[in-house]
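Lettering of chains follows the sequences in order, A, B, ..., and the numbering in each one begins at 1.
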Amino acid sequence: GENVEQHPSTLSVQEGDSAVIKCTYSDSASNYFPWYKQELGKRPQLIIDIRSNVGEKKDQRIAVTLNKTAKHFSLHITETQPEDSAVYFCAASNQDAGNMLTFGGGTRLMVKP
Amino acid sequence: AAGVIQSPRHLIKEKRETATLKCYPIPRHDTVYWYQQGPGQDPQFLISFYEKMQSDKGSIPDRFSAQQFSDYHSELNMSSLELGDSALYFCASSPPDRTIGYEQYFGPGTRLTVT
């Protein structure tokens, strides 16, 4: 089955700095890569996603890049704000075969004001 | 916009008891997924349903069963509860538009505590 690894497990940045979180996946059949933000005790919230036919996608301060050859994808957050502090999960799935998500271990992002 | 609804939000049970968790997907979403998230862990896929039929099975114990009903809501039945079953249980739903793929939207979760 799919295995997703995520680094770093914790990330502390100063407000206004950029944050980068990286994930690798093992199953070359995976074709959908969402990122979720989760605050303590709350639901995972989809913040951005990318499909395997796209190399990069951007939404305001958030961008995701995908390297299919290397089987890795990254989340980039620019101009970080204290409210960006949360746990971020990457995930992978095969949308042609059930679409069940396999999550990375999560990154706790702390943005210091 | 309507979101995924889960009930109850909190549930306390004793060991060996049973529990039933309910999930109401976003209207017109036909696929439901169940995930279990232990403290400090990532969500783990349990089981999914598409058009009222079981679609895929993940790391769901034999003590657990689930189904999707004609109105697309789903129930996760958990029997012989163990302390290790204490976790957040999330339901997610996704829409039927396969032409563009389908994102999963999570409900607020049910926090199950087994004592």
[X]-[Y] co-clustered via ILVMFWY side chain contacts under 4.5 Å:
X       : Y       : answer
B:Phe45 : B:Val32 : no
B:Leu88 : A:Leu46 : yes
B:Ile60 : B:Leu11 : yes
B:Tyr89 : B:Leu83 : yes
B:Tyr72 : B:Val4  : no

Is it true that atom [atom1] of [X] has more than 12 heavy atoms of other residues, nucleotides or ligands lying nearer than 6.0 Å?
X       : atom1 : answer
B:Gln54 : CD    : yes
A:Gln14 : CD    : yes
B:Asp62 : CG    : no

Closest heavy-atom pair and its distance - [X], [Y]:
X        : Y       : value
A:Lys42  : B:Phe90 : O-CZ, 3.5 Å
B:Phe106 : A:Pro44 : CB-O, 3.6 Å
B:Ser55  : A:Gly98 : OG-CA, 4.4 Å

Sub-3.5 Å donor-acceptor pair from the side chain of B:Gln104 to the main-chain atoms of A:Asn99, do we have one? yes

Among all residues two or more places apart in sequence or in another chain, which pass the side-chain contact (heavy atoms from CB on, under 4.5 Å) test with A:Gln81? A:Arg61, A:Glu83, A:Asp84

Is there a side-chain contact between A:Leu101 and B:Tyr33 (heavy atoms, below 4.5 Å)? no

With ILVMFWY side chains joined below 4.5 Å, transitively, what does A:Leu75's cluster contain besides itself? A:Val4, A:Leu11, A:Val13, A:Ile21, A:Tyr25, A:Phe33, A:Trp35, A:Ile47, A:Ile48, A:Ile50, A:Val54, A:Ile62, A:Val64, A:Leu66, A:Phe73, A:Ile77, A:Tyr88, A:Leu109, A:Val111

Should side-chain heavy atoms under 4.5 Å link Ile, Leu, Val, Met, Phe, Trp and Tyr, which residues sit in the same cluster as B:Ile5? B:Tyr24

Below 4.5 Å from any heavy atom of chain B, which atoms of A:Gln38 appear? Answer side chain, backbone, both or neither. side chain

Side chain / backbone / both / neither for A:Asp49 at chain B, heavy atoms under 4.5 Å: side chain

Side chain to side chain contact (heavy atoms under 4.5 Å, CB included) evaluation trace for A:Met100 with B:Trp34: CA-CA 9 Å; A:Met100 54 278 204; B:Trp34 286 95; over 6 Å; no

Who wins among B:Pro39, B:Gly58, B:Gly109, B:Gly107 for the most heavy-atom pairs under 4.5 Å with chain A? B:Gly107

Tell me if the centroids of the rings in A:Phe103 and B:Tyr35 come within less than 6.0 Å of each other. yes

Can you tell me how far apart CD (B:Gln6) and CZ (A:Arg43) are? Round to the nearest 0.5 Å. 8.0 Å

Non-hydrogen contacts under 4.5 angstrom with chain A: give the residues of residues 13-23 of chain B involved, or none if there are none. none

